[in-house]
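Encoded as structure tokens, the structure appears first; notes follow it.
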Protein chains: 2
Amino acid sequence: MHKGKITIHDISKELGIDSSTVSRALNNSPRVSKKTKEKISAKAKELGYQRNSLASKLRTNKTHTIGVIIPRISRHFFASAIAGIEETAYDAGYDVIICQSLDSYEREQKLIETLLANRVDGIIISISMETTNYNHLDRYKANGFPMIFFDRPCETEKNTNVIIDDFQASFEVTEHLIFNGYKNIVHFSGPQTNLLYQNRCKGYKAALKKHKYPIRKEYIIESKLMEEDGIENAKKALNLPNVDAIYSANDMAAISAMQYLKSQNIKIPEQIAFAGFSNEPVSAVIEPSLTTVNQPSFEMGKVATNILFDQLNNNTRENKTTILEPTLIIRNSSSKTNNN
Amino acid sequence: MHKGKITIHDISKELGIDSSTVSRALNNSPRVSKKTKEKISAKAKELGYQRNSLASKLRTNKTHTIGVIIPRISRHFFASAIAGIEETAYDAGYDVIICQSLDSYEREQKLIETLLANRVDGIIISISMETTNYNHLDRYKANGFPMIFFDRPCETEKNTNVIIDDFQASFEVTEHLIFNGYKNIVHFSGPQTNLLYQNRCKGYKAALKKHKYPIRKEYIIESKLMEEDGIENAKKALNLPNVDAIYSANDMAAISAMQYLKSQNIKIPEQIAFAGFSNEPVSAVIEPSLTTVNQPSFEMGKVATNILFDQLNNNTRENKTTILEPTLIIRNSSSKTNNN
DNA sequence: CTGTTAGCGCTTTCAC
DNA sequence: GTGAAAGCGCTAACAG
């Protein structure tokens with residue numbers, strides 16, 4: 001019986017082979033004979049040897065691990081992005097550590113510290129909505145630590161971002177509503193702390209402007225990304241005159257708003273048409289007529305990871321911004337038929 | 001300028017203080033004077049010192065990290081359980097590594113290897129649906145490595161499990177349907193590889209038996225936990241005569257089945273009543289009349305983590321099974337009114 | 001093909 | 001209150 005963990009030295013002693021050879025064998029070095037390898041791996045299995053990655057990582061100064069920080073895993077968009085990240089990473093022999101910031105700046109900061117203390121090789125991050133200054137990031141970027149931002153852009157000139165063209169997508173979905181006869185389009189926006197919601201808001205305004213529709217401040221309803229917000233948003237929208245369409249740039253608000261409207265027996269899209277950003281499969285279930293801009297979440301994850309690997313392998317750190325194409329999903333014709 | 005990472009030795013040299021003192025100071029040891037501590041932490045900040053957790057963990061043989069393996073983060077139940085785990089762990093100063101098995105046995109095995117190689121202090125796991133033998137777990141449990149199973153029970157006599165009483169919950173929801181006048185209740189079940197779905201199935205049968213209703217094999221429809229399965233399930237159910245209620249023990253199947261039925265304009269619950277397990281908030285949105293058994297996912301996470309900490313702190317490994325109470329949510333009266 | 005040796009960055013006795 | 005020295009488990013020159 002052995003107390004504590006088995007090390008290569010235990011194998012070494014039992015076999016009378018030096019621990020360096022054991023190490024090489026276990027790493028499948030070509031410089032060890034097949035016979036020795038077999039003996040060693042047999043003994044390793046017998047003793048229940050379990051490699052100590054910490055020691056290995058410390059020694060080699062390589063962890064083969066990437067850190068991922070996202071607001072919440074429960075959001076479909078992020079869960080799907082993670083799937084893309086993991087697939088790409090695992091294929092390349094990398095491990096992935098997933099962390100949630102819960103959209104808290106403080107937590108985000110701590111997570112970055114922890115990931116760096118654990119010497120991850122790079123970080124893929126979608127910054128929290130509370131994050132308005134980037135001091136906690138600049139320090140590491142200055143040292144050439146690879147950081148890839150996705151979904152929520154971060155100073156696009158100075159960083160590597162993987163995003164969609166939020167302005168354009170927002171413009172198109174708004175115009176889609178206009179083409180279908182809707183005039184009084186409420187916009188549910190998100191926290192204006194981040195470029196993402198700023199750009200979506202700009203796209204909405206630009207579409208209105210192009211078609212010479214008025215831009216009314218009270219028609220732009222801002223909120224956080226919480227489920228509760230949707231109900232508030234819906235109530236506010238109902239208090240406005242003549243609303244015939246809602247374009248929500250914010251999944252959470254959209255879904256819970258629809259839920260609320262339904263519970264009040266306010267039908268969608270007969271009285272109100274919904275359109276908006278959403279990767280939540282639920283939205284289609286709640287309202288099959290919903291028009292949505294689906295972001296390529298899985299692909300985003302893959303692309304971000306590949307860019308990170310590029311940077312790691314070629315030791316480059318260029319700050320390019322990659323823009324992916326979203327998909328406008330028009331589930332059925334939701335034209336406005338009655339002109340009241 | 002310094003190339004590479006700053007270590008305590010860099011601070012030590014710059015200050016002419018031994019690295020052991022630097023280490024003590026950085027760990028806030030009471031055996032270092034306040035003045036020295038201040039000097040050291042100032043210099044650390046100045047140099048951009050970033051502690052190397054790997055070295056620390058290797059040396060102390062303590063990682064203050066727990067591993068969590070769940071099938072998928074995108075499932076609301078698991079995302080919520082993770083929230084409970086993280087909250088408890090962070091409060092205790094522990095880090096959490098989240099991994100998804102994607103319900104693959106092979107992947108689960110590898111993840112366990114990786115977590116153990118990284119010397120996590122314990123693992124909280126909800127085993128994959130493909131997992132039918134526990135060899136990959138027994139080896140570590142035999143060594144006294146702490147493993148807490150939750151949601152999906154694993155050999156309850158031999159392990160520490162945190163579960164709900166699936167039999168009882170299933171019995172109650174089935175009986176609830178019976179009390180409301182439903183007679184021909186289809187049961188959507190999950191993979192029979194795991195006790196969980198076995199027990200839910202038994203509960204269903206027991207309720208029928210108690211009320212002297214026939215148990216018909218074709219009324220029990222088994223499937224995996226995939227979204228696609230729901231559609232198949234729904235089709236199968238529609239082919240059966242006289243179905244007036246469906247009790248799904250499987251969230252995914254339930255949701256996509258409802259989605260399918262809706263798309264076919266088959267109304268719920270007028271022709272068919274649904275009831276079942278679900279922590280997905282969406283279910284309430286899709287069908288406000290749905291009766292569901294909600295599992296205390298967040299609490300499960302907290303409880304599992306606390307049990308793990310108990311075992312770690314008191315160095316005990318008793319195999320008790322903790323049974324939590326689910327909530328039967330009856331959203332509105334879904335009695336069968338017409339007796340056709 | 002295998003052994004010797006040094007050291008990754010940190011903590012922790014043991015001295016003083 | 002601080003320093004000296006050893007070592008966690010592993011890998012990687014360098015020899016032979």
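Just so we're on the same page: letters track the sequence lines, and every chain starts at 1. These numbers come from the heavy atoms of this one structure, side chains and all, not from hydrogens, waters or symmetry mates.
Listed pair B:S33 / D:dT2 meets the phosphate criterion, a side-chain N or O lying under 4.0 Å from OP1 or OP2. The side chain of B:T36 contributes an N or O atom lying less than 4.0 Å from OP1 or OP2 of D:dT2. Taking only side-chain nitrogens and oxygens, A:R51 comes nearer than 4.0 Å to OP1 or OP2 of D:dT11. Residue A:N27 places at least one side-chain N or O under 4.0 Å from the OP1 or OP2 atom of D:dT11. Contact check, A:S20 against D:dT11: no side-chain N or O comes under 4.0 Å of OP1 or OP2.
No contact: A:N61 has no heavy atom under 4.0 Å from any strand. Residue-level contact check: A:S23 touches the bases, meaning some heavy atom is under 4.0 Å from a base atom. Within the nucleic acid shown, B:L54 has no heavy atom closer than 4.0 Å to any nucleic acid atom. Note on B:R24: a base of the nucleic acid sits closer than 4.0 angstrom, heavy atoms only.
Each of A:E113, A:E106, A:E108 was checked for a side-chain hydrogen bond (donor to acceptor under 3.5 Å, both in side chains) with A:K110, and the lone residue meeting it is A:E106.
Projected onto DNA chain D by closest heavy-atom contact, B:T60 and B:I17 fall at different nucleotides, the more 5' of which corresponds to B:I17.
For the residue pair B:T131 / B:S128, a side-chain donor-acceptor distance below 3.5 Å is found, with atom types taken as modelled.
In the set D:dA4, C:dC10, D:dC10, C:dC10 carries the atom at the smallest distance from any side-chain atom of B:A55.
Residue B:E46 qualifies as enclosed at atom CD: its count of foreign heavy atoms under 6.0 Å is above 12.
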